[in-house]
Amino acid sequence: SYAGHRLAQRRAAALGADSSERVLDVGGGHGLFGAAWADCGATVTLMDQPRALDAAPSADPRLAIIRADLRDGGAWGDGYTTVLLINLVPHLSEPELLRTLQRARRSLAPGGRVVVLCPVPQPEMVGAASELLFYMMSGRRLRWPETLSAALANAGFEDVQNVTLETTTAAVLVGRA
(Lines give C-alpha, C1' and ligand atoms only; values in the text may rest on other atoms or scores of the structure.)
Protein backbone atom coordinates (compact mmCIF):
# COMPACT_ATOMS: atom_id res chain seq x y z
CA SER A 1 0.00 0.00 0.00
CA TYR A 2 1.06 3.58 -0.47
CA ALA A 3 0.86 4.30 3.27
CA GLY A 4 2.95 1.22 4.08
CA HIS A 5 5.57 2.24 1.53
CA ARG A 6 5.75 5.80 2.91
CA LEU A 7 6.16 4.42 6.44
CA ALA A 8 8.96 2.10 5.28
CA GLN A 9 10.64 5.06 3.53
CA ARG A 10 10.55 7.14 6.73
CA ARG A 11 12.03 4.26 8.72
CA ALA A 12 14.80 3.71 6.16
CA ALA A 13 15.67 7.41 6.11
CA ALA A 14 15.65 7.57 9.93
CA LEU A 15 18.08 4.63 10.01
CA GLY A 16 20.45 6.41 7.62
CA ALA A 17 19.85 4.42 4.42
CA ASP A 18 21.90 5.85 1.56
CA SER A 19 23.46 5.15 -1.82
CA SER A 20 26.69 3.76 -0.35
CA GLU A 21 24.90 0.71 1.04
CA ARG A 22 24.75 -2.84 -0.23
CA VAL A 23 21.72 -4.33 1.54
CA LEU A 24 20.43 -7.87 2.07
CA ASP A 25 16.75 -7.95 3.08
CA VAL A 26 16.26 -11.41 4.63
CA GLY A 27 12.69 -12.69 4.62
CA GLY A 28 11.43 -9.51 2.99
CA GLY A 29 9.10 -11.24 0.50
CA HIS A 30 6.80 -8.29 -0.17
CA GLY A 31 9.80 -6.06 -0.89
CA LEU A 32 8.40 -3.07 0.99
CA PHE A 33 11.47 -2.40 3.13
CA GLY A 34 13.97 -3.33 0.42
CA ALA A 35 12.25 -0.87 -1.92
CA ALA A 36 12.43 1.83 0.77
CA TRP A 37 16.22 1.33 1.02
CA ALA A 38 16.43 1.38 -2.79
CA ASP A 39 14.52 4.69 -2.75
CA CYS A 40 17.46 6.05 -0.73
CA GLY A 41 19.87 4.85 -3.43
CA ALA A 42 21.03 1.59 -1.83
CA THR A 43 21.72 -1.55 -3.85
CA VAL A 44 19.30 -4.13 -2.46
CA THR A 45 19.06 -7.92 -2.62
CA LEU A 46 15.90 -9.50 -1.28
CA MET A 47 16.06 -13.11 -0.06
CA ASP A 48 13.00 -15.17 0.78
CA GLN A 49 11.37 -18.52 0.18
CA PRO A 50 9.99 -18.98 -3.34
CA ARG A 51 6.40 -19.27 -2.08
CA ALA A 52 6.69 -15.96 -0.21
CA LEU A 53 8.12 -14.23 -3.28
CA ASP A 54 5.40 -15.73 -5.48
CA ALA A 55 2.75 -14.28 -3.16
CA ALA A 56 4.25 -10.77 -3.31
CA PRO A 57 2.11 -8.21 -5.16
CA SER A 58 4.79 -7.38 -7.73
CA ALA A 59 8.53 -7.45 -7.91
CA ASP A 60 10.35 -4.14 -7.75
CA PRO A 61 12.82 -4.23 -10.65
CA ARG A 62 15.45 -2.45 -8.53
CA LEU A 63 15.71 -5.44 -6.18
CA ALA A 64 17.91 -8.43 -6.95
CA ILE A 65 16.16 -11.61 -5.83
CA ILE A 66 17.53 -14.71 -4.10
CA ARG A 67 14.91 -17.45 -3.96
CA ALA A 68 16.07 -19.38 -0.90
CA ASP A 69 15.18 -20.20 2.66
CA LEU A 70 17.10 -18.23 5.30
CA ARG A 71 18.29 -21.57 6.71
CA ASP A 72 20.37 -22.03 3.52
CA GLY A 73 23.52 -20.35 4.79
CA GLY A 74 25.21 -20.56 1.38
CA ALA A 75 22.54 -18.39 -0.23
CA TRP A 76 23.25 -15.30 1.86
CA GLY A 77 26.43 -14.13 0.17
CA ASP A 78 28.81 -11.68 1.79
CA GLY A 79 30.18 -8.16 1.70
CA TYR A 80 26.90 -6.43 2.60
CA THR A 81 26.98 -3.17 4.51
CA THR A 82 23.49 -3.77 5.95
CA VAL A 83 21.39 -6.86 6.63
CA LEU A 84 17.71 -6.25 7.32
CA LEU A 85 15.77 -8.63 9.56
CA ILE A 86 12.37 -6.97 9.53
CA ASN A 87 9.47 -8.69 11.34
CA LEU A 88 11.31 -11.99 11.05
CA VAL A 89 12.69 -12.56 14.54
CA PRO A 90 9.41 -13.48 16.31
CA HIS A 91 8.96 -16.44 13.98
CA LEU A 92 12.29 -18.02 14.92
CA SER A 93 12.99 -20.42 17.76
CA GLU A 94 15.92 -19.54 20.04
CA PRO A 95 18.39 -21.79 18.15
CA GLU A 96 17.12 -20.49 14.77
CA LEU A 97 17.49 -16.90 16.00
CA LEU A 98 21.12 -17.44 17.00
CA ARG A 99 21.96 -19.19 13.69
CA THR A 100 20.21 -16.44 11.71
CA LEU A 101 22.07 -13.68 13.55
CA GLN A 102 25.37 -15.54 13.07
CA ARG A 103 24.67 -15.85 9.33
CA ALA A 104 23.84 -12.16 9.20
CA ARG A 105 27.14 -11.39 10.93
CA ARG A 106 29.13 -13.53 8.48
CA SER A 107 27.44 -11.91 5.48
CA LEU A 108 28.45 -8.39 6.52
CA ALA A 109 31.54 -6.50 5.46
CA PRO A 110 33.71 -5.30 8.39
CA GLY A 111 31.86 -2.48 10.13
CA GLY A 112 28.56 -3.47 8.51
CA ARG A 113 25.33 -3.41 10.46
CA VAL A 114 22.32 -5.58 11.08
CA VAL A 115 18.94 -3.90 11.52
CA VAL A 116 16.38 -5.91 13.47
CA LEU A 117 12.84 -4.57 13.64
CA CYS A 118 10.22 -6.63 15.41
CA PRO A 119 7.15 -6.26 17.57
CA VAL A 120 7.81 -6.36 21.28
CA PRO A 121 5.56 -6.96 24.26
CA GLN A 122 3.82 -3.83 25.47
CA PRO A 123 3.17 -3.25 29.17
CA GLU A 124 -0.44 -2.12 28.84
CA MET A 125 -3.46 -4.42 28.53
CA VAL A 126 -3.75 -4.08 24.74
CA GLY A 127 -0.13 -5.14 24.42
CA ALA A 128 -0.69 -8.14 26.67
CA ALA A 129 -3.67 -9.21 24.57
CA SER A 130 -1.61 -8.79 21.39
CA GLU A 131 1.19 -10.89 22.86
CA LEU A 132 -1.26 -13.64 23.83
CA LEU A 133 -2.84 -13.61 20.37
CA PHE A 134 0.62 -13.82 18.76
CA TYR A 135 1.52 -16.78 20.97
CA MET A 136 -1.76 -18.57 20.19
CA MET A 137 -1.25 -18.10 16.44
CA SER A 138 2.46 -18.88 16.21
CA GLY A 139 3.41 -20.81 19.32
CA ARG A 140 6.22 -18.27 19.78
CA ARG A 141 6.75 -15.52 22.29
CA LEU A 142 7.58 -11.93 21.53
CA ARG A 143 11.03 -10.96 22.76
CA TRP A 144 11.90 -7.95 24.89
CA PRO A 145 14.53 -5.55 23.48
CA GLU A 146 17.00 -6.58 26.21
CA THR A 147 16.69 -10.22 25.12
CA LEU A 148 17.27 -9.26 21.48
CA SER A 149 20.29 -7.15 22.46
CA ALA A 150 21.78 -10.13 24.28
CA ALA A 151 21.11 -12.40 21.28
CA LEU A 152 22.89 -9.92 18.98
CA ALA A 153 25.87 -9.78 21.34
CA ASN A 154 25.95 -13.60 21.53
CA ALA A 155 26.08 -13.71 17.73
CA GLY A 156 29.17 -11.46 17.71
CA PHE A 157 27.64 -8.03 17.12
CA GLU A 158 29.11 -5.01 18.87
CA ASP A 159 27.78 -1.58 19.76
CA VAL A 160 24.20 -2.89 19.85
CA GLN A 161 21.77 -0.01 20.11
CA ASN A 162 18.03 0.13 20.67
CA VAL A 163 16.97 2.86 18.25
CA THR A 164 13.75 4.77 18.84
CA LEU A 165 11.73 5.59 15.75
CA GLU A 166 8.71 7.85 16.05
CA THR A 167 6.75 5.67 13.65
CA THR A 168 6.72 2.43 15.62
CA THR A 169 6.34 0.79 18.98
CA ALA A 170 8.43 -2.12 17.68
CA ALA A 171 11.98 -2.70 18.80
CA VAL A 172 14.59 -1.49 16.34
CA LEU A 173 18.03 -2.82 17.21
CA VAL A 174 21.18 -2.09 15.27
CA GLY A 175 24.41 -4.03 15.78
CA ARG A 176 27.80 -3.64 14.12
CA ALA A 177 29.92 -6.46 12.69
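When a residue number appears, it is its place in the shown sequence, counting from 1.
To the nearest 0.5 Å, atoms OH (Y80) and CG (L108) are separated by 10.0 Å. The distance from the CD atom of E21 to the SG atom of C40 is 8.5 Å, given to the nearest 0.5 Å. Interatomic distance, CZ of R51 versus CG of L53, reported as 11.0 Å (0.5 Å rounding). Distance check: E94 CD to N154 CG gives 10.0 Å after rounding to the nearest 0.5 Å. From R176, atom CZ reaches atom CG of L152 across 12.5 Å, with rounding to the nearest 0.5 Å. In this structure, D25 CG and M47 CE are separated by 9.5 Å, a value rounded to the nearest 0.5 Å.
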Run the numbers on V172 and L15 for side chain to side chain contact (heavy atoms under 4.5 Å, CB included), then give the verdict. CA-CA 9 Å; V172 181; L15 289 164; 4.0 Å; yes

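The minimum heavy-atom distance linking A75 with A68 is given by the pair CB-CB, 3.5 Å. A pairwise comparison of heavy atoms in V114 and A104 identifies CG2-CB, 4.3 Å as the closest pair. Between V44 and A38, the closest heavy-atom pair is CG2-N, 3.8 Å. Here the closest heavy-atom approach between residue L97 and residue A151 is recorded as CD2-CB, 4.0 Å. When all heavy atoms are compared, the tightest approach of D60 to A35 is OD2-CB, 3.4 Å.
Within the 4.5 Å cutoff, side-chain heavy atoms of L101 are placed close to those of L85. Taking 4.5 Å as the limit, every side-chain heavy atom of L84 sits out of range of all side-chain heavy atoms of L24. Between R11 and L117, the closest side-chain pair of non-hydrogen atoms falls below 4.5 Å. Residues V115 and T82 form a side-chain contact, since some pair of their non-hydrogen atoms from C-beta on lies under 4.5 Å apart. In this structure, R67 and D54 have side chains that are in contact, with non-hydrogen atoms separated by less than 4.5 Å. Within the 4.5 Å cutoff, side-chain heavy atoms of L173 are placed close to those of V160. Side-chain contact between N162 and P145: present, with at least one pair of heavy atoms (C-beta onward) separated by less than 4.5 Å.
Without hydrogens or angle criteria, D48 side chain to G29 main chain gives a donor-acceptor distance under 3.5 Å. Put simply, the side chain of W76 gets close to the backbone of L70: a donor and an acceptor are under 3.5 Å apart. The backbone N or O of A64 sits nowhere less than 3.5 Å from a side-chain atom of T45 that would complete a donor-acceptor pair. Looking at R22, its side chain never comes within 3.5 Å of a backbone N or O of A42 through a donor-acceptor pair. R113 places no side-chain N or O within donor-acceptor distance of the main-chain N or O of V174, the cut-off being under 3.5 Å. In terms of modelled atom types and a separation under 3.5 Å, the side chain of N87 and the main chain of C118 share no donor-acceptor contact.
Using a 3.5 Å distance cut-off with no hydrogens or angles, the side chains of Q102 and R99 do not pair a donor with an acceptor.
V163 and W37 end up in the same hydrophobic cluster when Ile, Leu, Val, Met, Phe, Trp and Tyr side chains are linked at under 4.5 Å. In the hydrophobic clustering of this structure, L98 does not group with V89; members are Ile, Leu, Val, Met, Phe, Trp, Tyr whose side-chain heavy atoms approach within less than 4.5 Å, directly or through other members. Tracing side-chain contacts under 4.5 Å through hydrophobic residues (I, L, V, M, F, W, Y), one reaches I66 starting from V26; they form part of the same cluster.
Every residue meeting the salt bridge (Lys or Arg N to Asp or Glu O under 4.0 Å) condition with D69, not counting sequence neighbours, appears here in chain and number order: R71. Not counting sequence neighbours, E146 has no partner by the salt bridge (Lys or Arg N to Asp or Glu O under 4.0 Å) test.
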